[in-house]
Number of protein chains: 2
Amino acid sequence: MGVVETTKPSLELLRSLSDEHVLRTLMRERRATRAEIAAATGLSKPTISESVKRLSASGAVVDTGERTTGRGRVGTYYALPASGRALVASLASTGVVAEAVDVYGEIVARATAPGADELHGAAQEVADGPFRLAVVSAADPVDRHTGRLVALPDAPLELGALDVPAALAPLVDGPITVDNDVNWAARAEPLRDFAYLFLGEGLGCAVVSDGEVRRGHTGVAGEIAHVVTVGPDGAAMRFTDVFGALGLRRARSTAIDVPKLLASDAHETLAGAVAGVLSAIVALADPEVVVVGGPWGRAWLEPIAHAFAQAPRHVPLRPATVGDELVAARATALEQLRDAVVSAATQR
Amino acid sequence: MGVVETTKPSLELLRSLSDEHVLRTLMRERRATRAEIAAATGLSKPTISESVKRLSASGAVVDTGERTTGRGRVGTYYALPASGRALVASLASTGVVAEAVDVYGEIVARATAPGADELHGAAQEVADGPFRLAVVSAADPVDRHTGRLVALPDAPLELGALDVPAALAPLVDGPITVDNDVNWAARAEPLRDFAYLFLGEGLGCAVVSDGEVRRGHTGVAGEIAHVVTVGPDGAAMRFTDVFGALGLRRARSTAIDVPKLLASDAHETLAGAVAGVLSAIVALADPEVVVVGGPWGRAWLEPIAHAFAQAPRHVPLRPATVGDELVAARATALEQLRDAVVSAATQR
DNA sequence: GCATTTAGGCAAGAGTCCTTCCTAGAATGG
DNA sequence: CCATTCTAGGAAGGACTCTTGCCTAAATGC
């Protein structure tokens with residue numbers, strides 16, 4: 001708190017600001033003449049001309065060879081050179097998706113593979129030289145500092161002992177961001193303070209506060225398996241143990257047997273247990289709404305909402321919009337890639 | 001996410017940056033010659049001279065009349081004029097504290113009064129013209145948008161129906177920031193991801209994530225009274241109800257009877273209940289440590305830590321450093337006051 | 001064929017930063 | 001007591017960046 005950091009005034013600062021305007025305009029427009037850039041940024045034509053001259057000399061923008069047609073003098077189109085790509089990947093037990101995203105936000109290549117251990121192969125398939133950075137969604141808890149998957153008690157790693165950063169390091173020449181799939185799904189919702197509760201084979205929750213997913217110290221915030229809640233006979237019980245007590249786990253595993261659960265008549269007991277967890281979420285995170293996703297979360301939204309409405313404090317529940325965890329991962333990758341390009345071109 | 005906001009390059013930007021450097025230096029040093037400011041900021045003497053000329057003309061800095069003594073030419077000391085004050089107040093059922101803080105971080109006036117309803121009077125006592133802003137700590141849940149106290153189920157307002165912003169509005173000519181005392185206490189700890197659990201007559205918790213207290217949508221994040229936990233016979237029970245079941249509440253109230261509690265032999269039951277709440281905190285916030293404060297929280301840290309250590313996931317507990325909720329409130333007020341002075345002087 | 005339109009360049013002006021040098025005045029030391 | 005040393009402040013000059021305004025070249029449309 002209170003660390004005031006004031007940049008020194010300098011003409012270099014102004015110059016880099018102009019350059020940044022030019023680069024970001026070309027990221028939006030793909031190509032533009034100096035006059036078009038001036039109009040789009042609100043800066044004057046001579047300023048843009050100077051900036052383009054600098055950036056051309058350093059190779060940060062290039063003359064595409066194309067020329068305007070139409071009335072008036074022929075203009076020269078400028079564009080960004082091949083600026084590298086970002087890798088966006090999704091890892092689940094059902095398979096891997098790898099995508100290459102360019103600085104315009106275009107998905108320029110895509111590959112899928114059946115097993116999570118084929119991450120490297122899928123990434124290599126969409127590679128075209130080293131990636132400038134990677135953003136990965138994984139269906140397991142993630143350590144926010146190392147990017148490695150974290151084994152929590154009673155929750156075997158769905159993806160096995162895969163070391164994501166190590167698997168990608170040879171292909172990526174920059175930062176590798178890894179986060180949980182539930183957190184990525186939450187980032188796609190346009191709310192500032194809410195929680196995203198995922199109820200499927202695994203249990204998960206993302207807490208969004210002040211517009212950002214809060215990951216906590218190690219990155220496993222929202223791993224709700226051990227929250228104490230109401231079990232079968234009103235007994236206090238950890239959330240994950242409720243499924244054991246009801247015989248709704250898959251054989252020799254702590255994973256929930258979803259088909260069996262959906263076919264069972266345990267609506268009420270489970271809704272009560274979920275309502276207990278929701279009480280903890282509301283108490284600690286104070287969300288505006290709780291978005292409920294996952295196969296049985298969505299199917300049983302009704303009884304869950306009914307049980308939760310009995311609680312002394314409650315908030316509205318809403319089904320998750322059918323979203324893809326890659327949407328937010330792509331957006332993050334694009335933002336990081338653009339920032340990397342701008343800072344590479346403006347820093348010296 | 002991804003909203004890139006780039007400031008336009010302009011010479012005015014540089015000028016305001018120089019002015020800000022000068023102003024912030026004078027806030028630290030109280031008075032300085034142009035040469036001293038130049039040395040402190042790293043900017044050149046002519047630049048500082050220009051800035052001081054501008055700021056003197058607008059009245060944002062003044063010649064104090066003092067002159068340097070010592071070898072060399074006599075220098076002119078400049079300083080900030082009377083720049084207004086910030087009000088810092090603390091409200092508890094035991095009484096009110098009001099302080100006036102100036103732009104140097106000095107407490108220039110202080111008043112106390114026995115009842116919370118004397119907020120206006122205490123504030124008026126330390127006033128010297130209108131305050132530029134106010135920062136208030138209140139021993140009740142606070143709505144982060146309105147600054148009003150929030151009545152939650154089973155938790156009567158300790159301070160009554162006091163409307164803090166309305167009480168202060170006539171004295172304050174700017175923003176009024178109100179927050180819970182537990183949140184202020186947490187802000188005084190130098191950690192980025194942790195929770196602060198307060199166990200006294202009331203129950204409270206602050207969640208600090210990524211270096212900031214997270215208040216949630218309405219501002220009542222951390223109000224843990226309704227978290228489901230383990231009650232007397234292993235029954236699932238809301239935290240606040242545990243005290244009712246054990247007969248540890250004050251008469252006709254939901255407040256905890258602390259002397260009775262400390263004299264009771266309910267260590268184990270209560271430690272188990274607290275451990276259940278800690279499980280929820282760890283699951284949802286993933287803190288590095290949990291700082292435990294409040295009269296019986298500190299006294300019973302041992303049994304609580306013992307019970308919590310049985311949980312499948314746990315983090316270290318630590319007693320709260322004997323802190324004053326006003327420390328962080330003062331720091332916030334000072335930062336806001338300085339920002340206000342800088343922006344008033346640099347904007348036009 | 002000529003007015004219109006448009007990209008880009010040039011020139012001038014204002015403003016901010018810096019480095020370097022100069023000056024006035026005060027304390028220090030022989 | 002006087003030369004020396006030290007320091008705050010100012011002035012000069014150069015380097016840049018921004019803007020406005022004007023000019024030129026080339027293509028279109030009537």
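In the text below, chain A, chain B and the rest are named by the order of the sequence lines, each starting its count at 1.
Remark: the A:Arg73 side chain and the D:dA25 base include no donor-acceptor N/O pair separated by less than 3.5 Å. Checked by distance alone, B:Arg15 brings no side-chain donor or acceptor within 3.5 Å of a matching partner on the base of C:dT16.
Closest to the B:Pro9 side chain, of the nucleotides D:dT19, C:dT19, D:dC18, is D:dC18. Of the candidates C:dG15, C:dC18, D:dA8, the closest approach to any side-chain atom of B:Leu43 belongs to C:dC18. Checking C:dC17, D:dA8, C:dG9 against every side-chain atom of B:Ser18, the shortest atom distance belongs to C:dC17. The side chain of A:Leu14 approaches D:dC18 more closely than any other nucleotide in the set D:dA8, D:dC18, C:dG25. Out of D:dC18, D:dT17, D:dG21, the shortest distance to the side chain of A:Pro46 is found at D:dG21.
Judged by the 6.0 Å and 45° rule, B:Arg31 forms a cation-pi pair with B:Tyr77.
One finds a salt bridge joining B:Glu106 and B:Arg30 here, because a Lys/Arg side-chain nitrogen approaches an Asp/Glu carboxylate oxygen to under 4.0 Å.
The residue B:Thr69 sits apart from the nucleic acid: no heavy atom pair falls under 4.0 Å. Contacts of A:Gly72 with the nucleic acid, taken as non-hydrogen atoms under 4.0 Å apart, include base atoms. Nucleic acid contact class of A:Thr47 (heavy atoms, under 4.0 Å, all strands): base.
Within the structure, every side-chain polar atom (N or O) of B:Thr33 is placed at least 4.0 Å from both OP1 and OP2 of D:dT7. The phosphate of C:dT19 has neither OP1 nor OP2 within less than 4.0 Å of any side-chain N or O from B:Ser44.
Nucleotide D:dC16 holds its P atom 18 Å from the NZ atom of A:Lys8, rounded to whole Å.
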